[in-house]
Amino acid sequence: MGVGVAQSGLARKEQVSGWLFVMPALVLLGVFMIYPILWSLWMSFQVGRGMAFSFGGFANIMRLTQDPVFLRALTNTLTFLAIQVPIMLVLALLFASALNDSKLWGRSWFRTAIFLPCVTSLVAYSVVFRSMFAQDGIMNQMLMGLSIIEAPIPWLADPFWAKVVIISAITWRWTGYNMIFYLAAMQNIDRSIYEAAKIDGVPAWARFWYITIPMLKPVILFTTVISTIGTLQLFDEVNLITQGGPSDSTLTLSLYIYNLSFRFMPSFGYAATVSYVIVVLVGILTFIQFLAARDRRA
Amino acid sequence: MSNQIALIGRTATYLLLVLAAFISVFPFFWMMIGATNTSADIIKGRALPGGALWANMVNFFTSVDMPRILFNSFFIAGFGTAMTLLVSSLAGYGFEMFRSRFREKIFGSLLLMLSIPFAALMVPLFIMMANLKMINTYQAIILPTVASIFIVFYFRQATKAFPHELRDAARIDGLKEWQIFLFVYMPVMRSTYAAATIIVFMANWNNYLWPLIVLQTNEMKTLTLVVAGLTSAYTPDFGVVMVGAIFATLPTLVIFFLLQRRFVEGMLGAVK
């Protein structure tokens with residue numbers, strides 16, 4: 001009996017110490033994450049300008065459905081997501097599998113070069129890109145010099161090309177980041193699987209498709225989820241390269257929330273409603289991606 | 001025949017990689033060339049070094065209170081990183097080393113919270129900081145970043161490799177739990193701390209949206225904000241902008257080249 005008391009006393013001491021170690025982080029997360037996200041939910045049912053709130057029920061949600069600027073921001077964000085994320089992840093996979101060849105000459109140089117963009121700050125690279133895509137700028141000159149285009153492209157003045165610039169910029173910044181994850185995962189695949197397939201006469205593309213891709217599935221899922229979350233919150237690049245223009249063609253949900261809260265006369269309640277659109281989208285898309293990953297395994 | 005196909009494949013691979021490497025490195029080259037050119041030349045796409053470096057530097061240093069701005073950036077990034085590492089590694093250690101009833105449930109809900117977008121937090125956080133009279137202060141920038149779920153997760157994963165015998169031996173020697181953390185765990189895990197430092201410092205140094213909202217006077221701004229601000233004029237002076245962009249990129253670039261292996265380890269760390 002004496003032993004039992006001593007043990008439960010020890011177990012309790014263990015529990016208390018454990019909580020003490022975890023507590024500072026949990027308290028801070030409670031104050032700066034859980035409380036704000038719940039407050040934001042409450043706020044999304046409030047109407048009014050500045051700090052004067054009143055309960056508006058579903059007024060903000062009704063406003064969403066009739067707000068052309070919101071609908072445009074939503075469409076733009078989903079367009080960026082649907083086009084940029086697949087392009088970037090396919091490129092990253094392609095580079096990673098090219099670099100996974102230990103006989104490749106200059107391998108570490110290529111890897112460092114392609115990884116280098118992730119070292120830049122979003123602000124610095126955005127301002128550099130903005131200057132490169134000027135009307136008479138270096139991009140147009142190079143493309144015309146190589147006879148790829150005949151006349152300069154109005155990159156930042158045309159709604160379509162402005163989107164292309166944003167997509168190229170994000171792809172430039174993040175492809176190497178994703179490539180590093182794929183490369184690390186590829187290096188963990190047992191080489192003998194490839195050797196066996198090679199001996200059986202399986203061609204290179206089939207080895208890639210039927211061995212590499214399935215083995216990388218957890219990493220591909222991870223990168224898809226983080227890229228989705230990142231793209232849904234896209235702010236820095238659009239604010240610095242195009243300011244959401246021309247005529248809102250690159251306006252994203254995050255930039256719209258910022259504008260609603262801090263650039264115009266603040267409309268915090270409505271901004272909170274828009275922000276919950278991102279929360280819901282992140283939730284739905286992450287869920288779908290997990291389902292898709294599970295389905296293919298079965 | 002199959003040799004020919006292999007040769008074509010190999011050539012295509014090299015072409016692809018050379019093109020990718022060129023595209024990846026070109027903006028860096030452009031940034032450095034740009035710092036030596038006038039704004040008009042940059043906009044006209046002049047890809048050769050010019051003679052405007054000195055003028056751009058003078059313009060940059062006269063329009064920006066560089067010592068103050070650098071202090072702000074280094075203080076926010078440095079102090080913020082130290083706090084984040086302390087609080088988040090304490091939690092990672094606590095989650096891994098101590099059994100308690102709701103441990104896995106709480107940890108699981110933390111992972112769910114990882115997907116909460118900052119965009120959904122910025123409005124309530126701003127109002128909170130306004131109510132606390134903390135707008136335009138360092139603590140308003142640092143406090144919300146201190147408990148990083150990502151870093152908690154990273155330390156919990158790394159702690160799995162920490163030998164429990166070390167803790168048991170220290171307990172027998174009569175060390176208290178906080179002493180074990182401070183004098184046994186932290187020194188043993190120094191390479192984990194180094195990798196996490198790089199990741200957190202970089203994120204803090206480059207943070208843009210939250211400082212943009214909270215830091216409102218020029219003497220409180222970080223280098224990232226100042227560089228962004230230089231482009232907000234209707235016709236920005238791109239020569240000056242390039243000088244600023246170089247200064248903003250330099251610290252992370254230096255860290256990368258000095259600690260390349262650890263840098264990549266840190267990025268991969270939380271996923272393993």
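Convention: sequence-line order gives letters A, B, ...; per-chain numbering from 1.
Counting all heavy atoms, side chain and backbone alike, B:M242 lies closest to A:S131 at CE-OG, 2.9 Å. Considering every non-hydrogen atom in both A:K103 and B:R10, the closest pair reads O-NH2, 3.6 Å. Closest approach of B:M122 to A:F262, counting heavy atoms only: O-CZ, 4.4 Å. Taking all atoms of both residues into account, the shortest heavy-atom contact from B:A245 to A:A124 is O-CB, 3.9 Å. Of all the heavy atoms in A:L240 and B:A228, the pair that sits closest is CD2-CB, 3.6 Å. When all heavy atoms of A:P36 and B:L125 are compared, the closest pair comes out as CG-CD2, 4.0 Å.
Proximity of A:F95 to B:L16: side-chain heavy atoms (C-beta onward) are separated by under 4.5 Å at one or more points. Using a 4.5 Å cut-off on side-chain heavy atoms (C-beta onward), B:L17 and A:L104 make contact. Counting heavy atoms from C-beta outward, A:V279 and B:P117 have side chains that approach closer than 4.5 Å. With a 4.5 Å cut-off on side-chain heavy atoms, B:E96 and A:F21 do not count as touching.
Comparing A:V119, A:L41, A:L28 by how many heavy-atom pairs each has under 4.5 Å with chain B, the most go to A:V119. Interface remark: of the candidates A:T112, A:T175, A:V31, A:I34, A:T112 forms the most heavy-atom pairs closer than 4.5 Å to chain B. Contacts with chain B were tallied for A:Y35, A:W109, A:F110, A:Y125; A:F110 has the most, counting heavy-atom pairs under 4.5 Å. Of the listed residues A:A272, A:S261, A:A25, A:G176, the one with more heavy-atom pairs under 4.5 angstrom with chain B than any other is A:A25. In terms of heavy-atom pairs under 4.5 angstrom with chain A, the leader among B:L114, B:V87, B:L250, B:L225 is B:V87. Listed options B:V227, B:I43, B:I106, B:I42 were ranked by heavy-atom pairs under 4.5 angstrom with chain A; first place goes to B:I43. Between chain A and the options B:I246, B:L253, B:V152, heavy-atom pairs under 4.5 Å are most frequent for B:L253. Interface check for chain A: of the options B:I213, B:I23, B:V146, the most heavy-atom pairs under 4.5 Å are formed by B:I213. Looking only at heavy-atom pairs under 4.5 Å with chain B, the residue among A:I37, A:L94, A:L260, A:I229 that has the most is A:I37. By number of non-hydrogen pairs under 4.5 angstrom with chain B, the leading residue of A:P117, A:A134, A:A271, A:G106 is A:P117. Of all the listed residues (B:L112, B:T249, B:L212), the one sharing the greatest number of non-hydrogen pairs under 4.5 Å with chain A is B:L212. Counting heavy-atom pairs under 4.5 Å between each of B:L209, B:I116, B:V25 and chain A puts B:L209 at the top.
Within the 4.5 angstrom heavy-atom criterion, atoms from both the backbone and the side chain of B:L143 approach chain A. Proximity to chain A is limited to the side chain of B:R171, based on heavy atoms less than 4.5 angstrom apart. Only the side chain of B:M129 comes within less than 4.5 Å of a heavy atom of chain A; its backbone N, CA, C and O stay farther away. Using a 4.5 Å cut-off between heavy atoms, B:T224 contacts chain A through both its backbone and its side chain. Heavy atoms of B:F95 lying under 4.5 Å from chain A belong to its backbone as well as its side chain. There is no contact between B:F247 and chain A, counting heavy-atom distances below 4.5 Å. In this structure, the portions of B:M128 lying under 4.5 Å from any heavy atom of chain A include both its backbone and its side chain. B:L110 touches chain A through its side chain: at least one heavy atom from C-beta onward sits under 4.5 Å away, while N, CA, C and O do not.
Put simply, the side chain of B:R103 never gets that close to the backbone of A:G18: no donor and acceptor are under 3.5 Å apart.
With rounding to the nearest 0.5 angstrom, the OG atom of B:S109 is 10.0 Å from the CG atom of A:L29. With rounding to the nearest 0.5 angstrom, the CG atom of A:L116 is 6.0 Å from the CZ atom of B:F256. For the atom pair CD1 (B:I127) and CZ (A:F268), the distance works out to 4.5 Å, reported to the nearest 0.5 Å. For the atom pair CD1 of A:I278 and CZ of B:F118, the computed distance is 11.5 Å after rounding to the nearest 0.5 Å. Atom CZ of A:F32 sits about 9.5 Å away from atom OG1 of B:T145, to the nearest 0.5 Å. Here OG1 of B:T13 is found 14.5 Å from CH2 of A:W105. Values are rounded to the nearest 0.5 Å.
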Side chain to side chain contact (heavy atoms under 4.5 Å, CB included) between A:T120 and B:F28: does it pass, once the steps are laid out?
-> CA-CA 9 Å; A:T120 60; B:F28 289 90; 3.2 Å; yes

Evaluate side chain to side chain contact (heavy atoms under 4.5 Å, CB included) for A:I138 paired with B:R46, printing each intermediate quantity in order.
-> CA-CA 7 Å; A:I138 187 73; B:R46 184 186 150 95; over 6 Å; no

Worked verdict on A:M33 versus B:I149 for side chain to side chain contact (heavy atoms under 4.5 Å, CB included) | CA-CA 11 Å; A:M33 207 165 202; B:I149 299 174; 3.9 Å; yes

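Between A:S17 and B:W178, the side chains place no donor N or O within less than 3.5 Å of an acceptor N or O (distance only, hydrogens not considered).
Taking the six-membered ring where tryptophan is involved, the planes of B:Y208 and A:F235 are tilted, since the angle between them lies from 30° to 60°.
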